[in-house]
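Take this structure, written in structure tokens, and hold onto it; I'll ask about it next.
Computed from a predicted model, the values in this text were never measured in an experiment.
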Amino acid sequence: MVTGASTADLAVILIDARKGVLTQTKRHSYLAHLIGIKNLVLAINKMDLIGYDKARYDAILADYTAFAQSIGITAFTPMPISGFKGDNISLKSDNMPWYDGPTLMEHLENVEVSVDEDQAKPFRMGVQWVNRPNLDFRGFSGQIASGTVKPGDAIRVLPGGKTSTISRITTLGGDLDEAVAGQSVTLSFADEIDCSRGNVIATADAPPEASDQFEATIVWMDDAPLTAGRAYWLKLGTQMVSATVKEPKYQVNVNTMEHLAAKTLELNAIGVAEVTTDRAIVFESYADNHTLGGFILIDKITNATVAAGMLHFSLRRAQNVHWQPTDIGRETHAGLKNQKARVLWFTGLSGSGKSTIANEVEKSLNLMNRHTFLLDGDNIRHGLNKDLGFTEADRIENIRRVGEVAKLMADAGLIVLTAFISPFRAERDMVRSMLPEGEFIEIFVDTPLEVAEARDVKGLYKKARAGDLKNFTGIDSPYEAPLDADIRVNTVKMTPAEAAEYIVRQIMPLK
């Protein structure tokens, strides 16, 4: 429904005349209105099964009208039909002489849709491809989301804000004097400025905003519920970023339009939540621009599309907080220590030996005059993360905070060692994405569950098996082993000292 409606000009809402207005009717109507479809047809079907009863038709129409008005739908076209008998589909029905409106096909063929609405808006085009077939031509290809563009127009490339003018508009059929919303074109600039896939080309004097924090309506489409704090891919137009969603502000009850408290969103739920991206994206509110305001969320592990969303606005705090550049950067910090900053991320089951091996690695690096710091899972929960439990959401937040701390320490030029179960691949990938390429080293301390449980140094497995410790990794909470760890050590075949020596050999030289 959401996928189809996102590009539709008209929606036909079908109602079974025997059943009347159902929850599904309300959900589909609400979604159509939410997505911005202005032309709605209310087709009350199967009139033949109720004897073409006008009173029943009028009652259903009254029920739907009351609901439509409550969600802001001010106009729609009602019609009684029978898909099986063909009544009022393409020909007027003799069985319902009391209906004097158009047939369904007549209405679809003659309804007016505003093709000029998007063209009247400021120019925006997301870059899908940098078109460079030879050294003499460089253009930027995409579909125009809104507005019009002509050679000589002043444009701005976002994010970044570099300006130029359009020198040429190229299509397969030849050059154009003007291009409008909906057309796919290649634009060439008068100046050599940076522009790449994911950038947005906009009119210079009225550019869209860029931000990394938003309020949005989210329609959840996956069997697995939303996990607040988990990193998902967010795709908006040609832009792809990593994003997290906070606990919903509320969920919408499509029957009553009541705002309900919710900690997550289940399949088919609709809610409003705050979304944070790992870098600023160019956007407009969905009400103003469907292309730059509509997005999807993609699960990083399964690549399944789990949600569709509509941006409302940028959060004020995103506009008031700016990154403060400093003269002394991470390269200078690391250079003073004669090393390259790294984050050595040890992951594995409880009892696998992560902390022991990480401690051995740090001692070896210390003897080599390396500047290090070890972040241990249990130690962090005594202070920074003492407010977090062991639910899936809390585990995700635990790793997010540790990732931010590790990043700050790496910015200081340190070699950071972290020993955390970190059971979910998505969160480990989230931390990797925080750091420059090559600075995150995932070390899988590979220990079979039965071996880790036999060790049970802290007695945690025994408690978990007895039901006294809930959400324990490996027992009643999953552990997602790395698919392609940077370093893997097998603690069944290696002692902690041997594993540490192997890791140090792999990461040297640390300069």
Side-chain angles (χ1 to χ4, degrees), residues 3 6-9 36 112-212 233-241 277-296 298 310-311 314:
T3 303
S6 64
T7 57
D9 294 309
E112 292 188 10
V113 295
S114 178
V115 295
D116 299 328
E117 185 175 346
D118 284 339
Q119 297 177 16
K121 297 176 181 177
F123 170 70
R124 279 96 171 89
M125 188 188 88
V127 177
Q128 294 176 316
W129 177 45
V130 178
N131 186 350
R132 193 155 196 175
N134 54 61
L135 296 177
D136 298 325
F137 183 88
R138 181 169 179 256
F140 307 96
S141 303
Q143 185 178 63
I144 300 175
S146 65
T148 62
V149 64
K150 302 185 296 296
D153 284 354
I155 57 89
R156 189 181 301 272
V157 176
L158 300 165
K162 293 291 183 67
T163 59
S164 184
T165 57
I166 299 297
S167 61
R168 185 178 174 187
I169 303 173
T170 308
T171 68
L172 189 63
D175 285 8
L176 300 178
D177 294 329
E178 182 180 57
V180 300
Q183 286 185 284
S184 294
V185 298
T186 297
L187 303 179
S188 298
F189 301 158
D191 306 289
E192 287 282 343
I193 61 173
D194 288 338
C195 185
S196 58
R197 175 177 169 78
N199 286 157
V200 174
I201 304 171
T203 185
D205 57 356
E209 293 182 69
S211 183
D212 60 359
W233 292 119
L234 183 150
K235 190 173 189 302
L236 185 149
T238 60
Q239 303 173 88
M240 178 85 86
V241 294
T277 57
D278 64 345
R279 63 180 184 273
I281 57 174
V282 181
F283 82 102
E284 290 189 299
S285 72
Y286 186 82
D288 294 332
N289 190 313
H290 288 190
T291 302
L292 289 182
F295 64 89
I296 59 173
I298 302 168
M310 290 132 274
L311 297 179
S314 167

message = As an exercise, state the distance from CD1 of I166 to CG of L187, rounded to the nearest 0.5 Å.
response =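 So the gap between those two atoms works out to 4.5 Å.
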inquiry  = Before you tell me yes or no, could you show the steps for H290 and D118 under side-chain contact (heavy atoms from CB on, under 4.5 Å), namely the whole-Å CA-CA distance, both residues' side-chain angles and the distance that decides it to 0.1 Å?
reply    = CA-CA 10 Å; H290 288 190; D118 284 339; over 6 Å; no
message = Between the side chains of R124 and E284, is the shortest nitrogen-to-carboxylate-oxygen separation below 4.0 Å, so that they form an ion pair?
response =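 Salt bridge flag = yes for R124 with E284.
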task = Heavy atoms only: give me the nearest P208-A202 pair and the separation to one decimal.
result =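 For P208 versus A202, the nearest heavy atoms are CD-CB, 3.5 Å.
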request  = Kindly give the heavy-atom pair with the smallest separation between T291 and N289, and that separation in Å.
outcome  =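 T291 and N289 have their closest heavy atoms at N-OD1, 2.9 Å.
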Acceptor/donor pairs from residues 172-180 side chains to any protein atom, 3.5 angstrom cut, sequence neighbours excluded:
{"residue": "D175", "atom": "OD1", "partner": "R168", "partner atom": "NE", "Å": "3.3"}
{"residue": "D175", "atom": "OD2", "partner": "R168", "partner atom": "NE", "Å": "2.8"}

ask   = Can you tell me how far CG of L292 sits from CE of M125, rounded to the nearest 0.5 angstrom?
value =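 Rounded to the nearest 0.5 Å, the CE-CG separation comes out at 11.5 Å.
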task = Indicate yes or no for a side-chain donor-acceptor contact from T148 to the backbone of Q119 under 3.5 Å, with no hydrogens or angles considered.
result =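 No; judged by distance alone, with no hydrogens or angles, the pair does not exist.
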task = Indicate yes or no for a side-chain donor-acceptor contact from Q143 to the backbone of Q183 under 3.5 Å, with no hydrogens or angles considered.
result =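 Not at all, since once roles are kept as given, no pair shorter than 3.5 Å links the two residues.
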query = Any side-chain heavy atom of N199 within less than 4.5 Å of one from P159?
reply =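 In contact.
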task = Starting from the C-alpha separation in whole Å, work towards a yes-or-no answer on side-chain contact (heavy atoms from CB on, under 4.5 Å) for N131 and T170.
result = CA-CA 11 Å; N131 186 350; T170 308; over 6 Å; no
query = Is there a side-chain contact (heavy atoms from CB on, under 4.5 Å) between L236 and L311 once you walk through the steps?
reply = CA-CA 10 Å; L236 185 149; L311 297 179; 3.5 Å; yes
task = Check P122 against S146 and note the closest heavy-atom contact, atom names and distance.
result =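 Looking at all heavy atoms of both residues, the closest pair is O-OG, 2.7 Å.
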Minimum side-chain heavy-atom gap I169-P151 below 4.5 Å =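 In short, these two side chains touch, coming nearer than 4.5 Å.
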inquiry  = Tell me which pairs pass side chain to side chain donor-acceptor pair (under 3.5 Å) where either residue lies in residues 150-165, with sequence neighbours left out.
reply    =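 Qualifying pairs: S164-D191.
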request  = Given side-chain contact (heavy atoms from CB on, under 4.5 Å), test F189 with V157 step by step and report yes or no.
outcome  = CA-CA 11 Å; F189 301 158; V157 176; 3.8 Å; yes
key: Check: F123 main-chain N/O paired with K121 side-chain donor or acceptor under 3.5 Å   =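 Checking the backbone N and O of F123 against the side chain of K121, no donor-acceptor pair under 3.5 Å is found.
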